Amino acid sequence: MTDFFLSCDWGTSAFRLRLVDRSPLTVVKEVAGNQGIRSVFDSLPDRSQESREVAFGAVLGRAIDELLQTTPEANALPVVLSGMASSTIGWRELPYATVPFELNGSTLQSAAIELTTPLKRRHCLHLISGLATQRDIIRGEESELVGLATLELMQTRLDDCLVVLPGTHSKHITVENSKVTGFQTYMTGELFDVLANHSVLASTVSLEPDTEARSSGSHGFLQGVGAARDRGFMPSLFQARTRSVLQDEPTHANREFLSGLLIGAELASLKDAHDRPIVLAAPPQLTTAYQEAAMALELSERMVIVPEGFMKTLAIRGHAQYLHRFSNQ
């Protein structure tokens with residue numbers, strides 16, 4: 001199975017491992033779970049490197065055996081691993097690459113680890129570092145960015161633009177002359193979770209999204225975007241409660257308002273981004289929301305959307321690029 005490799009994204013709270021066919025670049029099958037880096041790290045008997053090697057190797061080894069249980073011939077496949085596994089709480093800490101950063105990933109740090117699974121499969125693991133500026137860090141999204149640069153439809157767009165990767169910690173990445181020159185993290189997703197579940201707003205914000213309202217365009221969401229634009233985030237935040245108390249707004253509408261307020265505050269910063277084109281690379285559930293907010297903020301004419309079908313392949317495209325580099329070293 002020389003035309004296959006294993007692609008692993010291992011984040012703070014989630015794990016995903018894929019068997020990938022290199023030609024064409026497709027996912028054959030995958031396993032995923034919530035055994036993230038943090039949970040493995042917290043279970044360590046001590047913080048020694050030996051304990052880390054044993055614990056993280058055991059989790060990944062079992063996942064590989066599960067993924068390949070019906071393909072006994074799949075031995076010695078290379079594994080590319082990105083995300084929090086190379087962080088201070090990960091398998092083996094690697095130093096960050098720095099900007100300016102080549103979009104082919106050639107300046108990323110890496111480490112080779114020999115891994116033997118419980119079923120005695122032997123694999124060479126390529127652990128990938130993150131990317132840092134003097135005040136910000138990325139681990140995981142750099143692989144998506146490298147994958148994005150391999151797409152033919154992005155070749156000319158990535159000369160000079162701002163790439164927006166929404167999520168728990170949204171990243172706004174500045175690209176100049178086909179190199180990353182800086183980026184900014186927005187804790188949009190995490191802040192929404194904290195406010196909606198653990199603040200005074202929790203009693204007036206629904207725990208579940210109103211999917212019908214979101215699919216048809218939410219008035220509450222656009223009100224939140226408008227509040228961020230006109231009054232700013234902090235002066236508008238308590239409205240997610242007063243809308244309920246004073247105007248009897250339902251909890252699902254207040255949830256949409258809070259979502260719009262946070263996303264609107266994040267995207268409002270792009271008004272001063274020197275009119276650079278904006279490349280939005282988001283999962284489907286976030287693409288619509290960010291598009292609506294961009295339209296309300298008069299940013300939509302500058303925005304290019306990465307198609308959903310390509311979004312699903314960005315990380316593995318980045319991993320395939322790394323693997324090509326490793327095989328030519």
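What you see is a predicted model; the values in this text were computed from it and never measured. Along the sequence shown, the residues carry numbers beginning at 1.
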Exercise for review: Scan residues 28-53 for pairs that pass ring-ring contact (aromatic ring centres under 6.0 Å, His included), counting only residues two or more places apart or in two chains.
Suggested key: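 Listed once each, the pairs would be none.
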
Review point. Does anything in residues 125-168 pair up under ring-ring contact (aromatic ring centres under 6.0 Å, His included), and if so which pairs, sequence neighbours excluded?
Key: H126-F326

So for atom [atom1], which belongs to [X], do other residues, nucleotides or ligands contribute more than 12 heavy atoms lying within a distance under 6.0 Å?
X: R47; atom1: CZ; answer: yes
X: Q49; atom1: CD; answer: yes
X: D42; atom1: CG; answer: yes
X: Q247; atom1: CD; answer: yes

Is it true that [Y] and [X] share a donor-acceptor pair across their side chains at a distance under 3.5 Å?
X: S51; Y: D46; result: yes
X: H219; Y: E256; result: no
X: R243; Y: N254; result: yes
X: S244; Y: E249; result: no
X: T188; Y: E266; result: yes
X: H252; Y: S206; result: no
X: S269; Y: Y186; result: yes
X: D136; Y: T185; result: yes
X: D65; Y: T117; result: yes

Review point. Who are the ring-ring contact (aromatic ring centres under 6.0 Å, His included) partners of H169, not counting sequence neighbours?
Key: none

Should [X] and [Y] be counted in the same cluster of Ile, Leu, Val, Met, Phe, Trp and Tyr side chains packed under 4.5 Å apart?
X: F15; Y: L44; value: yes
X: M295; Y: M303; value: no
X: V304; Y: L158; value: yes
X: L68; Y: L115; value: yes

Point to revise | N-O pairing of E114 and R122 below 4.0 Å | key: no

Review point. Salt-bridged, R18 to D9, with N to O below 4.0 Å?
Key: yes

Revision key, fill the gap. The residue among S110, S143, S106 that forms side chain to side chain contact (heavy atoms under 4.5 Å, CB included) with Y322 is S143

Exercise for review: Report the residue from L103, V180, I173 that forms a side chain to side chain contact (heavy atoms under 4.5 Å, CB included) with V163.
Suggested key: I173

Review point. Taking only residues two or more places apart in sequence, or in another chain, which ones meet D160 in a salt bridge (Lys or Arg N to Asp or Glu O under 4.0 Å)?
Key: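 D160 satisfies salt bridge (Lys or Arg N to Asp or Glu O under 4.0 Å) with R276 once adjacent residues are dropped.
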
Point to revise | Side-chain hydrophobic cluster, 4.5 Å single linkage: members besides V200 | key: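 Besides V200, the hydrophobic cluster comprises L191, F192, L195, L201, V205, F233, M234, L237, F238, F257, L258, L261, L262, listed by chain and residue number.
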
Review point. Taking the hydrophobic residues Ile, Leu, Val, Met, Phe, Trp and Tyr, and joining any pair whose side-chain heavy atoms are under 4.5 Å apart, which ones share a cluster with V245?
Key: L246

Exercise for review: Measure from NZ or CZ of R92 to the centre of the six-membered ring of F56 and say whether it is under 6.0 Å with the direction within 45° of the ring axis.
Suggested key: no

Practice item. For the pair T181 and E176, evaluate side chain to side chain donor-acceptor pair (under 3.5 Å) and give the outcome as yes or no after the intermediate values. Key: CA-CA 6 Å; T181 58; E176 299 176 281; 2.6 Å; yes

